[in-house]
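See below for the structure under consideration.
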Amino acid sequence: MLAGLPEAEAVQALEEVWTLSGVQPVGGRSPVEIVHRLAERAHAERTPPLAPADAERILAFLAVEGRPAAALDAIGRLASGRALDGALEAWGRRAAAIEAEGAPADRVRFSPAFGRVFGYYDGVVFEVRSTALGAEFPVAAGGRYDGLLARLGAKRAAGAVGCMVRPWRAFAGGQQ
């Protein structure tokens, strides 16, 4: 219902529902942010389903996994003729830079299916894992969020990267 209203009316209606029901908003999102998200979801629901050939290409893309150079070659073959050369070249440069810094090539994996649920990441995301702990317990995780400051109101974007390290897992994993 709210998604079909102009933004100001939708915000007013949402606030009225909260007042009438005695609901106190939690989580720190403003009524405007909530209305925007509801409108995005309503739009997504009206989007027609993918054609079978497009769904197959997406599944093939998500199935790519391995060492970065080989994975990017596979994605390049899938993307042939789809104007992704610039993005693939940028990914290739990043992979080469990671390798040049000494990351062991046999232990770095690329997977387009890997991601984060946090909306502020807008670039490379990563995890550092220990074979002793398994994939469910990363020792460290993080990524790039270059656009976060601009989305928070800054006049321009700034390069940013962050990660979280769990030292107790690093020690528990031994020398793996």
Side-chain angles (χ1 to χ4, degrees), residues 1-65 71-72 74-76 78-91 93-95 109-129 135-166:
M1 174 186 100
L2 294 177
L5 296 174
E7 182 179 284
E9 289 179 38
V11 168
Q12 183 180 4
L14 179 61
E15 290 173 335
E16 286 179 23
V17 167
W18 286 345
T19 299
L20 291 171
S21 64
V23 170
Q24 295 294 317
V26 295
R29 289 191 299 155
S30 71
V32 171
E33 291 173 299
I34 293 170
V35 165
H36 278 281
R37 181 67 182 129
L38 291 172
E40 287 173 356
R41 292 181 84 176
H43 175 72
E45 288 179 15
R46 290 190 302 269
T47 303
L50 289 174
D54 292 334
E56 287 175 22
R57 275 192 288 276
I58 291 170
L59 290 173
F61 169 74
L62 291 174
V64 172
E65 186 169 337
L72 291 173
I75 292 169
L78 287 171
S80 180
R82 290 189 171 74
L84 294 176
D85 291 343
L88 291 172
E89 287 172 14
W91 276 97
R93 287 191 303 274
R94 285 186 190 100
R109 309 279 302 163
F110 176 90
S111 174
F114 175 75
R116 292 269 178 253
V117 296
F118 304 112
Y120 51 82
Y121 287 118
D122 56 13
V124 175
V125 293
F126 64 87
E127 284 186 350
V128 176
R129 299 177 184 172
E136 317 73 60
F137 300 104
V139 174
R144 294 199 62 97
Y145 43 93
D146 296 343
L148 181 61
L149 290 176
R151 285 188 284 171
L152 292 173
K155 295 189 188 297
R156 61 188 169 113
V161 64
C163 76
M164 173 259 330
V165 178
R166 295 181 172 107

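All values derive from a computational prediction rather than experimental measurement.
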Measuring from Leu78:CG to Leu62:CG, what's the distance to the nearest 0.5 Å?
-> 10.0 Å
Residues in ring pair (Phe, Tyr, Trp, His ring centres under 6.0 Å) contact with Phe126, at least two apart in sequence or another chain = none
To the nearest 0.5 Å, what is the distance between CD1 (Ile34) and CG (Leu14)?
-> 5.5 Å
Any side-chain heavy-atom pair of Phe110 and Ile75 under 4.5 Å | yes
Closest heavy-atom contact between Arg144 and Gly159?
-> NH2-CA, 3.8 Å
Counting distance only, does the side-chain N/O of Glu9 pair as donor-acceptor with the main-chain N or O of Pro6 below 3.5 Å?
-> no
Would you name the heavy atoms of Ala55 and Leu50 that are closest together and state the gap between them?
-> CA-CD1, 4.2 Å
Mind listing the closest non-hydrogen atom pair of Leu148 and Asp122 along with its distance?
-> N-OD2, 4.4 Å
At their closest point, which heavy atom of Pro112 faces which heavy atom of Val64, and how far apart are they?
-> CD-O, 3.0 Å
Got a second to check how far Thr19's OG1 is from Gln24's CD, nearest 0.5 Å?
-> 8.5 Å
All heavy atoms of Leu88 vs all of Ala79, minimum pair found to be CD1-CB, 4.5 Å
Atom SG of Cys163 and atom CD of Glu127: how far apart are they, to the nearest 0.5 Å?
-> 12.0 Å
For residues Gln12 and Pro31, determine if any side-chain heavy atom of one lies less than 4.5 Å from a side-chain heavy atom of the other.
-> no
Search all heavy atoms of Leu149 against all heavy atoms of Ala158 and return the closest pair with its distance.
-> CD1-CB, 3.8 Å
When rounded to the nearest 0.5 angstrom, what is the spacing between CZ in Arg41 and CD in Glu45?
-> 7.0 Å
